[in-house]
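Worth saying up front: this structure is predicted, and the values here are computed from it rather than measured.
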Amino acid sequence: MSPETVTPVASRTAAGRTDRAQARARAARNHKLLVYGTRVLLLVGLLALWEWLARAAVIDPFNFSMPSKIWDQTVQWALNGTPQGTLWEQVWYTLYEALLGWVIGVTGGVVLGITLGRIRFLADVLGPYIKVLNALPRIVLAPIFLIWFGLGPASKVASAVVLVFFPVFFNAFQGAREVDRNLVANSRILGASNRQVTLQVVIPSATSWIFTSLHVSFGFALIGAIVGEYIGATKGLGLLVAASQGTFNAAGVYAAMVLLAVVALLAEGLLAFLERRLFRWKPADAGDGR
């Protein structure tokens with residue numbers, strides 16, 4: 001075959017590969033748009049159905065409220081504030097407690113999980129105690145923290161910490177145990193110390209396990225902060241829920257829940273973005289709907 005013949009064939013092959021890549025990219029974009037569009041339509045349909053059922057008195061609007069009243073309550077809080085202060089102050093207060101509890105819980109869970117995953121003696125000694133603590137209904141600790149730390153943010157942070165710590169700990173522990181033994185053995189052969197093996201082999205290998213727990217742990221941190229505020233607080237979205245419930249204001253309860261959902265979704269989006277940036281080397285999951 002002459003060079004003149006080979007060149008057009010190679011050009012056509014390269015062009016075909018480019019066309020296929022562009023087609024796959026278009027299909028991926030179309031699929032993403034279809035998913036987002038379906039999500040929006042589903043949400044709009046559910047809200048419209050809720051509004052219609054409440055206005056038609058199929059469901060009791062006093063107990064179930066309706067989307068229009070929830071929107072009006074949110075706008076009123078945003079423009080005129082709440083009895084406890086501005087709406088943004090309440091959001092920030094809850095977010096601050098949840099973030100601080102989340103950071104402390106994640107740090108403690110990762111450090112202790114990796115440590116016990118690497119040191120079998122400590123895992124054998126402390127394992128039963130951790131299992132017993134994990135079996136306790138941790139929500140009921142919120143009143144105890146309120147007695148210990150008072151109405152301030154410390155009691156809410158403590159509630160968030162105990163909810164965040166255990167899922168992060170168990171994922172970090174399992175990630176440290178699931179490290180490829182060949183990688184550890186090869187690093188030993190190359191002269192790596194225990195500290196180097198932990199920092200350069202075990203922790204990077206366990207990172208995907210840890211990030212899996214982070215997606216749910218921030219929601220737990222919000223739950224801990226809200227439960228603590230609901231029981232007793234001077235500010236926060238949990239206090240808004242309790243105050244709205246005390247005045248039979250269903251729209252206020254739902255409005256506070258919507259604000260919490262928005263905060264949780266923003267946090268989830270940020271974590272997903274950081275995960276994609278850190279794990280750019282991983283192949284995209286075809287079944288991932290995010």
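Under the 4.5 Å side-chain heavy-atom criterion for Ile, Leu, Val, Met, Phe, Trp and Tyr, L240 and W88 are members of the same hydrophobic cluster. Using a 4.5 Å cut-off between side-chain heavy atoms of Ile, Leu, Val, Met, Phe, Trp and Tyr, with links allowed through other members, M66 and F64 fall into different hydrophobic clusters. Cluster membership for Y254 and V241, using ILVMFWY side-chain heavy atoms within less than 4.5 angstrom, is shared. Linking ILVMFWY side-chain heavy atoms closer than 4.5 Å, directly or via other members, places I59 and W52 in a single hydrophobic cluster. Taken together through direct or relayed side-chain contacts under 4.5 Å among Ile, Leu, Val, Met, Phe, Trp and Tyr, V164 and V111 form parts of separate hydrophobic clusters.
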(request) Quick one: do V258 and T74 satisfy side chain to side chain contact (heavy atoms under 4.5 Å, CB included)? Show the steps, please. (result) CA-CA 9 Å; V258 169; T74 305; 5.7 Å; no
(message) Show, in sequence, the C-alpha distance, side-chain angles and deciding distance for I139 and I223, and conclude whether the side chain to side chain contact (heavy atoms under 4.5 Å, CB included) test is met.
(response) CA-CA 9 Å; I139 289 296; I223 292 172; 4.1 Å; yes
(request) Mind running side chain to side chain contact (heavy atoms under 4.5 Å, CB included) on S65 and Q73 for me, showing each step along the way? (result) CA-CA 11 Å; S65 190; Q73 180 67 79; over 6 Å; no
(message) Does F165 form a side chain to side chain contact (heavy atoms under 4.5 Å, CB included) with I104? I'd like the steps, not just the answer.
(response) CA-CA 8 Å; F165 171 81; I104 295 173; over 6 Å; no
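Counting heavy atoms from C-beta on, the side chains of I144 and L141 come closer than 4.5 Å. Contact of the I70 side chain with the W50 side chain is registered, since non-hydrogen atoms from C-beta on lie closer than 4.5 Å. Side-chain contact check for N30 versus L34: every heavy-atom pair is 4.5 Å or farther apart.
Between G117 and F173, the shortest heavy-atom distance links the atoms N-CD1, 3.5 Å. Nearest approach of A98 to A225, heavy atoms of both residues: N-CB, 4.2 Å. Closest non-hydrogen pair, V168 versus S217, comes out as CG2-CB, 4.0 Å. Smallest separation of non-hydrogen atoms from A158 and F149: CB-CE1, 3.9 Å. For I130 against L112, the heavy-atom pair with the smallest separation is CD1-CD2, 4.3 Å. For the residue pair V140 and P143, the shortest heavy atom distance occurs at O-CD, 3.1 Å.
Shown are I231, V227, L146, L100; of these, the side chain to side chain contact (heavy atoms under 4.5 Å, CB included) with K156 is made only by L146.
Partners of S244 according to the side-chain contact (heavy atoms from CB on, under 4.5 Å) rule, which considers only residues two or more places apart in sequence or in another chain, are W77, N249, V253.
Residue pairs meeting the side chain to side chain donor-acceptor pair (under 3.5 Å) criterion with at least one partner in residues 92-101, sequence neighbours excluded, are T94-E229.
To the nearest 0.5 Å, atom CG of residue L133 and atom CZ of residue F169 are 10.5 Å apart.
W148 and S155 form no side-chain donor-acceptor contact under 3.5 Å, judged by distance and modelled atom types alone.
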